[in-house]
Asks: 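Once you've had a glance at the structure underneath, I'll fire off some questions.
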Amino acid sequence: MKNMKFTIGTLLLLTLVIWSCKKEKQEETLAETTLETVSCNLTEKEFNSWFASGTATENGAVNNANSITFTHNDNCDFYKWSEQMFLWLTSSTNGETVLESPTFYTVSPKNASGKRSFIKHEKGVLLRAMANVEKTGRVDSEEAQATDDVLMDKNGNLIYYISFANDVYAQFLTMNYGKSNDSLKFPTTAADLKPINEFAKKNGVVLKDSTALAMEIKTSWVVADTLIDTSKYITIEAIIPTYKKTETVWVISGERKAKLAMVGMHIVGSAAGHPEMIWATFEHKDNAPNDSYQYVDDKGNVVTVPADGNGNWLLNTDVSSPANVSHMKFSHDSIIARANQTISPSNTVRTKPWGSSYETQPNPEDKTPAIANTKVIDINNSVTKYLPGSDIRKNYLFLGATWTSNGVAPNGYSYSPSLTEAGVAIGSSQLANSTMETYAQNGTAYSKYGSCFSCHSNNGLQPTDLSHVYGDLKPLIEIIKK
């Protein structure tokens, strides 16, 4: 990481500088902007309040962000919500993260009939990374991104994807399964949550973290024993496929046990005033180099950070080579090389490192990409500063979050000064994760279709308008059997 222009250490330095700006308003030079409005001002007291013990502890348990009481004063509120949810999901008790606990279900890949299942998390039962739910009965991950592209790290190891939904999401879907309701939306209030809690209780289930409201999570993983230092990664034990391999086709031939290391996470959740959900993303700091970006320094000047050079990146061996070119796709039980390609690693670059294009105002609140970037960088700095010791979560970067103004139905477009209509994505409106939207980052320039909502929208707020899996999921088996 010695060649990375913004490591966690330098991010921390930037935060200290930005915080000092509160005493230096007379030195501001960025037109119409105070340095206080550039930082996100996460205090140590507020950060400590996130922890179950009331004080930040190394790898300590964090409470979920209360989505019912979520308030929106500025973009930083969404970023704080995102960070707290990430720390909660990755909190570990007896070696098991919240994401692996009974609070969450794994969402299976589609079976032969195009249906998905909620897979209950049970102690001692490993997650499985197979592609045929009807064959194994417990399928928990896939080898392809939403675009069907397959990603490998630089050493030829596959990146796996596991999707989850929390118990509120699962009970909400089951409660409404088969009903016709054109006004159905994900829960955002205490009044919305009450019948879900009552339905669950009637079926013998207590939703202890229900103030998180409805959540859908997607994660990306690589085999841990291929990494130089697994101590820097959140890991799980899982079953993954083995393959019969040629240069252009890999066919699943069996399975084996492996330790997987997390390299990325999408967090999607409903919150007060936002039935369209908040869409946030995180990834490991060693994944891929950043393209050039800008931020605001301690004097209010816009600083341009050049693109990262070669380094020990997981997904890149040569920054001078063409980047983000897909080599293969997943189909049925096989990985198939694309035309004129082999099954092999590609070089990945984060083209919009903090969710904003280089030249375009990303949302109504942040007048320049530099201001928007600095807010995301600042929240990273704060979390890294306040996490004690060698907390493993320091190794993951928050890249940004996006939503719509006043929670209106997303129209699939991304905000720009010439595209301000209701329903455009705001916040980090050009957001992408290098492990999940590797080949759909749309380069460094602004793209009208550069947000999560370009795929997750249907001009409505019904769950099926927003979620790719909601309409395919079967209801909870244990409730249907009662």
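Values below: all heavy atoms of this structure, side chains included; hydrogens, waters and symmetry mates excluded. The chain is numbered in sequence order, starting from 1. This is a predicted model, so every value here is computed, not measured.
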Asks: Any donor-acceptor pair under 3.5 Å linking the side chain of H121 with the backbone of E100?
Replies: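 Checked: pair present.
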
Asks: Should we say atom CG of N406 is surrounded by more than 12 heavy atoms from elsewhere, each under 6.0 Å from it?
Replies: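 Check fails, neighbour count at 12 or below.
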
Asks: Please enumerate all residues that pass salt bridge (Lys or Arg N to Asp or Glu O under 4.0 Å) together with E216, with sequence neighbours excluded.
Replies: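 For E216 there are no salt bridge (Lys or Arg N to Asp or Glu O under 4.0 Å) partners, ignoring immediate neighbours.
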
Asks: Can you confirm if the aromatic rings of W50 and F47 lie within a centre distance of less than 6.0 Å?
Replies: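 Between F47 and W50, the centre distance is under 6.0 Å.
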
Asks: Mind listing the closest non-hydrogen atom pair of E421 and N411 along with its distance?
Replies: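 Result for this residue pair: OE2-ND2, 3.2 Å.
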
Asks: Parallel under 30°, tilted from 30 to 60°, perpendicular over 60°: which one fits the rings of F282 and F86?
Replies: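 It falls in the parallel class, under 30°.
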
Asks: Could you tell me whether the side chains of N41 and S39 share a donor-acceptor contact shorter than 3.5 Å?
Replies: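 Not at all, the side chains of N41 and S39 share no donor-acceptor pair under 3.5 Å.
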
Asks: Give, for atom CG of L473 and atom OG of S163, the distance between the pair rounded to the nearest 0.5 Å.
Replies: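 Rounded to the nearest 0.5 Å, the CG-OG separation comes out at 9.5 Å.
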
Asks: Under a 3.5 Å threshold, yes or no: a donor from one side chain and an acceptor from the other, between S67 and W81?
Replies: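 Yes, because at least one side-chain N or O of S67 sits under 3.5 Å from a partner of the opposite role on W81.
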
Asks: Please determine if E58 and K394 form a salt bridge, counting it only when a charged side-chain N lies under 4.0 Å from a carboxylate O.
Replies: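 A salt bridge is absent here (no side-chain N lies under 4.0 Å from a carboxylate O).
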
Asks: Without placing hydrogens or testing angles, list every side-chain donor-acceptor pair under 3.5 Å for residues 445-454, not counting sequence neighbours.
Replies:
unit_1: Y446; atom_1: OH; unit_2: S414; atom_2: O; d: 2.6
unit_1: S447; atom_1: OG; unit_2: Y449; atom_2: N; d: 3.1
unit_1: S451; atom_1: OG; unit_2: F453; atom_2: N; d: 3.1
unit_1: S454; atom_1: OG; unit_2: Y449; atom_2: O; d: 3.3
unit_1: S454; atom_1: OG; unit_2: S451; atom_2: O; d: 2.8

Asks: Which pairs, with at least one residue in residues 464-473 and sequence neighbours excluded, count as a salt bridge (Lys or Arg N to Asp or Glu O under 4.0 Å)?
Replies: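 Qualifying pairs, neighbours excluded: K110-D472, R116-D472.
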
Asks: A cation-pi test, strictly: NZ or CZ of K285 under 6.0 Å from the centre of the six-membered ring of Y396 and no more than 45 degrees from its axis. Yes or no?
Replies: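 That pair does not qualify as a cation-pi contact.
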
Asks: Which pairs with one or both residues in residues 38-50 pass salt bridge (Lys or Arg N to Asp or Glu O under 4.0 Å), sequence neighbours excluded?
Replies: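 For residues 38-50: E46-K80.
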
Asks: Going by atom types alone, do T281 and W279 pair a side-chain donor with an acceptor below 3.5 Å?
Replies: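 No, no side-chain donor-acceptor contact under 3.5 Å.
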
Asks: Is there a donor-acceptor contact under 3.5 Å linking the side chains of Q171 and D167?
Replies: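 On atom types as modelled, these side chains do not qualify, holding no pair under 3.5 Å.
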
Asks: In this structure, are over 12 heavy atoms from other groups packed under 6.0 Å from Y413 atom OH?
Replies: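 Counting neighbours around OH of Y413, 12 or fewer heavy atoms of other residues, nucleotides or ligands fall under 6.0 Å, so no.
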
Asks: In chain order, what residues pass the ring-ring contact (aromatic ring centres under 6.0 Å, His included) check against F104, with sequence neighbours excluded?
Replies: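 For F104, the residues satisfying ring-ring contact (aromatic ring centres under 6.0 Å, His included) (neighbours in sequence not counted) are W88.
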
Asks: Holding to ring-ring contact (aromatic ring centres under 6.0 Å, His included), I want the full list of residues that pass it with F118, two or more places apart in sequence or in another chain.
Replies: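 Here the qualifying residues are Y105.
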
Asks: Within the 4.5 Å heavy-atom criterion, are H468 and H456 side-chain neighbours or not?
Replies: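 Side-chain contact under 4.5 Å: yes.
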
Asks: Assess whether a salt bridge exists between R350 and D291, defined as any Lys/Arg side-chain N lying under 4.0 Å from an Asp/Glu carboxylate O.
Replies: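 No salt bridge links R350 with D291.
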
